[in-house]
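So that the names make sense, note that chain A is the first sequence line, chain B the second, and so on, each numbered from 1.
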Amino acid sequence: MQNRPHAQPAGDGAPASSIAARAMGALRRDAAAYLEGLNPEQRRAVETTEGPVLVLAGAGTGKTRVLTTRIAHLIATNRARPFDILAVTFTNKAAREMKHRIGALIGPAGEGMPWLGTFHAIGTKILRRHAELVGLKSDFTILGTDDQLRLMKQVIADQNVDEKRWPARALSHAIDGWKNRGLGPEQVPPGEAASFAFGKGGTLYTAYQARLATLNAVDFGDLLLLCLKLWRENPDVLANYQDRFRYILVDEYQDTNVAQYLWLRLLAQSRKNIACVGDDDQSIYGWRGAEVDNILRFEHDFPGAVVVRLERNYRSTGHILAAASGLIAKNESRLGKTLRTDDEPGERVTVTGAWDSEEEARMLAESIESLQAKQHPLSEIVVLVRISAQMREIEDRFVQLGLPYRVIGGPRFYERAEIRDALAYLRATMNVSDDLAFERIVNTPKRGLGDATLQQLHTYGRANRLPLRIAAERLCETDELKPRVRSTLRALTESFSRWARLVESQPHSEVAQMILEESGYTEMWQKDRSADAAGRLENLKEFVRSMEEFPDMAAFLEHVSLVMEASETEGAERVSLMTLHAAKGLEFDTVFLPGWEDGLFPSQRALDESGRAGLEEERRLAHVGLTRARKRAKLSFAVNRRIHGLWSSTIPSRFIDELPETAVDVVEAPAHFSAGASRFDRNPTPFGSSYGTPGWQRAQANTAPQGGRGFGSAPGGRSGGFSGGPRQIEGELIAKSTGAPSAFEMGQRVFHTKFGPGTIAGVDGNKLTVDFDKAGRKMVLDSFIQAGSS
DNA sequence: TTGGTCAGGGTTTTT
DNA sequence: CCCTGACCAA
């Protein structure tokens with residue numbers, strides 16, 4: 001390898017550096033070995049280190065591998081140290097994956113890549129360093145969507161705009177759109193700004209930004225937009241970053257929006273060592289600001305760019321690839337790639353029509369069961385739908401059959417109400433001036449502090465320039481409040497002060513749990529009888545538990561505003577169910593693609609709103625779906641589908657006819673799936689061919705004992721009448737209430753994971769006072785204590 | 001202030 | 001059909 005400088009044997013020459021030299025030598029050998037697994041195109045993508053590079057990486061062509069090897073190569077050949085490289089991704093998941101794989105490639109040297117992360121995480125890091133230059137303090141808070149919306153509503157009300165005609169959602173959408181395009185309030189084209197709320201769009205945007213500034217807060221869009229502002233107004237700061245980032249790598253370049261493009265262009269301007277990896281055929285986020293144009297225009301934007309096409313697919317068999325390629329070839333706006341494989345043709349893509357969506361769900365489930373009978377692992381099966389609404393019927397069927405499945409996507413962990421509430425409690429505790437947090441939970445659980453009281457607080461706070469929490473404290477000293485309101489409000493503010501003091505001295509996760517209990521928040525869910533209450537308590541428990549991984553509360557809050565995901569139960573033997581969008585980047589042996597009907601897929605809305613471009617994006621989505629499959633892709637459509645509760649007839653997707661004939665098999669629905677079969681579904685005929693399947697038998701076992709209803713006794717009912725019945729929900733409730741007698745006694749020796757061994761000096765319900773041998777006297781919850789052995 | 005009822009609206013999703 | 005938000009009565 002020409003790039004392997006001075007591979008001298010250790011011991012040769014200067015003895016002073018022998019250990020380091022040996023270590024370096026080992027590093028280089030690894031790197032070289034690594035390169036050998038690459039095909040010529042991949043290798044070119046890795047080894048063209050200087051100047052702009054665009055890697056057009058088709059589905060399954062080893063995109064991540066190229067990206068990680070490139071980084072390893074830069075480091076191993078001493079072109080850059082880990083901290084000289086800027087590597088941006090869109091999702092935390094992708095960033096984590098890259099970190100992991102780089103670590104595996106070059107060992108601990110790659111672990112500490114400080115500038116590998118999402119656009120937003122890196123933007124945050126940069127902004128915290130220069131906050132004052134853009135009018136912020138470095139401890140600014142990052143607002144989530146719901147805080148953003150609440151703020152937006154306030155702004156709309158302040159400006160005397162009718163919220164009915166111009167809902168906060170719409171304003172938020174408009175502002176997001178502008179931010180995605182890199183436009184600050186002053187830069188929005190006047191005509192465009194005027195089109196919102198009778199010419200008030202611009203004013204509202206300005207007012208919203210002003211509110212954010214007062215709160216020392218930013219939204220997600222600002223994390224990029226303010227970087228642009230920072231760099232444009234402070235050329236010296238920009239120059240510093242341009243110099244610092246010797247090499248820039250970008251993942252999923254086809255998903256970048258204008259703001260991100262500008263962000264990258266500013267940084268890459270001086271050194272021009274920018275490598276973007278992406279696939280124009282997998283651009284499916286146009287509706288949220290992604291500009292396919294960014295990738296289509298790359299050579300123009302970065303003159304002299306080297307373009308490398310990765311077209312050798314290592315994932316799918318021939319017919320699947322042919323189907324996907326044939327389909328995507330119908331798109332006009334693309335750079336053009338032809339995926340090829342050395343793999344066998346394999347099974348053809350199947351297309352099956354069903355009478356209605358219920359029948360489609362039954363067929364699908366039956367196919368899965370027959371695969372299962374042939375030892376196909378369930379974890380290698382995925383069902384990809386266009387919209388989440390399709391999931392319900394499919395889930396119903398799975399539940400009925402007892403087929404284990406998991407839904408990927410859905411509301412993100414940190415977007416769930418209970419998590420946002422818990423976070424709000426912590427934020428309001430940690431930061432007296434976090435008005436949004438305080439406002440969120442002031443009456444959650446219900447305390448009788450409603451709109452009227454809140455209005456009073458706002459008025460008082462604004463008049464005296466005080467944050468709400470302080471305003472509440474002061475107002476309690478006056479007699480402006482009704483006695484009842486005053487006492488609850490006082491109790492609340494005093495609790496906050498007490499919790500704030502506890503954070504100083506107690507382990508943060510324990511304080512958090514205490515806050516949730518003493519505020520009555522946990523109790524609120526314990527009393528809630530609805531089906532998901534147990535799950536919410538479970539989430540809260542997980543939330544508290546996850547805090548323990550952070551050194552303190554502040555660090556936890558910082559992390560959580562950008563990243564927080566539900567712990568996924570991986571590797572479980574289950575079928576996966578998700579939207580096509582959620583499936584990007586994943587692969588499975590068998591992929592089911594139901595709902596290929598015009599209007600649903602391609603979606604009518606995409607067609608109406610974006611015309612040909614919309615259709616092409618839908619087609620790319622279809623392409624993404626097909627290319628998830630390694631061995632089997634099974635399309636289906638229904639002739640009748642329930643849309644918003646109403647049955648309407650549909651026609652097969654135009655995409656079906658665009659598939660190359662030779663790659664497709666039309667498979668008829670099994671005979672017993674005739675129209676209206678659902679009516680007889682609950683009345684087994686002993687000789688009917690479909691009733692011998694294991695699934696049917698399980699369905700019987702599951703259905704019969706439900707609420708004492710025998711089968712067939714619910715005529716006309718929904719065939720999946722399952723979720724309505726009483727269901728036992730498992731799950732341990734979060735921290736038993738304070739009243740429960742503790743299992744601990746005075747004088748008992750105990751052990752605490754953080755404070756070590758100690759002796760119990762007091763018991764109050766589940767709160768214990770413990771004299772720790774090392775840490776002194778602390779108040780802790782019994783759930784954090786184990787009976788001591790020593 | 002709270003809880004009920006009713007009308008309206010309803011892709012895709014990350015940070 | 002199912003969820004959310006607005007409005008109204010107690």
Side-chain angles (χ1 to χ4, degrees), chain A residues 88-95 117-124 142-145 147-149 153 163-164 167-169 176 179-180 218-225 252 255-257 259-260 283-290 357 384-393 396 408-415 417 442-443 445-455 482 484-485 488 559-565 578-585 595 599-610 614 617-618 620-622 624-625 641-648 718 720 723-724:
Chain A
V88 278
T89 62
F90 276 83
T91 63
N92 293 300
K93 196 176 157 202
T118 63
F119 276 101
H120 298 268
I122 289 168
T124 307
I142 301 163
L143 264 37
T145 339
D147 286 329
Q148 204 183 119
L149 227 49
K153 277 185 185 157
E163 230 243 88
K164 283 246 183 75
R169 295 279 316 244
D176 276 350
K179 288 187 174 175
N180 284 339
V218 298
D219 63 21
F220 284 119
D222 287 336
L223 293 173
L224 296 165
L225 197 57
E252 306 277 18
D255 288 338
T256 50
N257 60 35
Q260 285 155 342
S283 166
I284 55 176
Y285 286 111
W287 49 272
R288 67 177 193 212
S357 43
L384 301 179
V385 294
R386 179 62 183 77
I387 60 171
S388 321
Q390 285 172 262
M391 289 186 188
R392 196 179 306 270
E393 276 176 313
D396 277 355
I408 311 279
R412 287 257 145 318
F413 187 64
Y414 68 95
E415 288 292 347
V442 70
N443 201 29
K446 295 272 189 310
R447 303 187 169 90
L449 302 172
D451 284 350
T453 316
L454 203 58
Q455 270 315 316
K482 291 186 192 135
R484 166 170 282 156
V485 173
T488 36
H559 171 87
V560 93
S561 56
L562 277 177
V563 195
M564 180 132 183
E565 289 148 49
M578 64 186 93
T579 63
L580 285 157
H581 283 91
K584 198 166 81 164
L600 178 64
F601 190 35
S603 103
Q604 193 55 51
R605 190 145 160 188
L607 263 37
D608 293 346
E609 284 175 10
S610 319
E617 181 154 317
E618 295 286 300
R620 290 193 290 267
L621 199 49
V624 166
R641 184 172 295 274
R642 206 192 321 228
I643 298 164
H644 305 326
L646 297 168
W647 285 102
S648 41
R718 238 155 68 77
S723 44

A:Glu618 meets the salt bridge (Lys or Arg N to Asp or Glu O under 4.0 Å) criterion, sequence neighbours left out, with A:Arg386
Which residue lies toward the 5' end of DNA chain B, A:Arg605 or A:Leu454, if each is placed at its nearest nucleotide? A:Leu454
With A:Phe119, which residues qualify under ring-ring contact (aromatic ring centres under 6.0 Å, His included), at least two apart? A:Phe90, A:Trp263
If you measure from CZ on A:Arg288 to CG on A:Asn257, what distance do you get to the nearest 0.5 Å? 9.5 Å
Would you classify A:Thr118 as touching base, sugar-phosphate or nothing, given that sugar-phosphate means primed atoms plus P, OP1 and OP2, and contacts are heavy atoms under 4.0 Å? sugar-phosphate
Set of side-chain hydrogen bond (donor to acceptor under 3.5 Å, both in side chains) partners for A:Ser357, sequence neighbours left out: A:Glu393
Which nucleotide, B:dT11, B:dT15, B:dT13, lies nearest any side-chain atom of A:Arg386? B:dT11
So if I take every side-chain heavy atom of A:Thr453 and compare against B:dT1, B:dT15, B:dT11, which nucleotide ends up nearest? B:dT1
Working to the nearest 0.5 angstrom, can you tell me the gap between A:Asp219 CG and A:Gln148 CD? 4.5 Å
Using a 4.0 Å heavy-atom cut-off, does A:Ala452 contact any base of the nucleic acid, only the sugar-phosphate backbone, or nothing at all? sugar-phosphate
Heavy atoms from C-beta onward define the side chain here; which of B:dT11, B:dT15, B:dT12 lies closest to that of A:His581? B:dT12
Could you tell me the separation between the NZ atom of A:Lys93 and the C1' atom of B:dT14, rounded to a whole number of Å? 12 Å
Quick check for you: among B:dT1, C:dC1, B:dT15, whose closest atom lies nearest to any side-chain atom of A:Arg642? C:dC1
Contacts of A:Trp287 meeting ring-ring contact (aromatic ring centres under 6.0 Å, His included) (sequence neighbours excluded), chain-then-number -> A:Tyr285, A:His581
Return the value, rounded to whole Å, for the distance between atom CD of A:Glu609 and atom P of B:dG10. 10 Å
A:Asp451, CG atom: more than 12 neighbouring heavy atoms under 6.0 Å: no
A:Asn443 side chain vs A:Gly448 backbone, donor-acceptor pair below 3.5 Å: yes
Spacing between A:Lys179 atom NZ and B:dT15 atom C1', to the nearest angstrom: 13 Å
Every protein N/O lying under 3.5 Å from an N/O of nucleotides 2-9 of chain B:
unit_1 : atom_1 : unit_2   : atom_2 : d
B:dT2  : OP1    : A:Asn443 : ND2    : 3.4
B:dT2  : OP1    : A:Gly448 : N      : 2.9
B:dT2  : OP2    : A:Asn443 : ND2    : 3.1

Between CZ of A:Arg642 and CD of A:Gln390, what distance do you get to the nearest 0.5 Å? 14.0 Å
Should B:dT11 be called syn or anti, with syn set as within 90° of 0? syn
Does B:dT12 have A:Trp287 stacked on its base, where the ring centres are within less than 5.5 Å and the planes differ by under 30°? yes
Side chain of A:His644: nearest nucleotide among B:dT11, B:dG10, B:dT13? B:dG10
Atom-pair distance (CZ on A:Arg641; P on B:dT11), nearest Å: 15 Å
Distance check: side-chain N/O of A:Thr579 vs OP1/OP2 of B:dT13, anything under 4.0 Å? yes
Please list each protein N or O that sits under 3.5 Å from an N or O in nucleotides 5-7 of chain C, with the distance.
unit_1 : atom_1 : unit_2   : atom_2 : d
C:dC7  : OP1    : A:Lys164 : NZ     : 2.6

note: A:Gln604, atom CD; B:dT12, atom P; distance rounded to Å ~ 16 Å
Whole angstrom value for the distance that separates P of B:dT11 from CG of A:Asp608: 14 Å
Can you figure out which of B:dT14, B:dG10, B:dT11 approaches the side chain of A:Ile387 most closely? B:dT11
Would you say the side-chain atoms of A:Ser603 pair up with the backbone N or O of A:Leu600, donor to acceptor, closer than 3.5 Å? no
Round to the nearest Å and state the distance from A:Asp219 atom CG to B:dT14 atom P. 17 Å
B:dT15 OP1/OP2 closer than 4.0 Å to side-chain N/O of A:Asn92: yes
So what does A:Glu618 hit on the nucleic acid, given a heavy-atom distance under 4.0 Å: a base, only sugar-phosphate, or nothing? base
Does the A:Thr256 side chain pair with the main chain of A:Glu252, one donor and one acceptor, at a distance under 3.5 Å? no
How many Å lie between CG on A:Asn180 and C1' on B:dT13, as a whole number? 12 Å
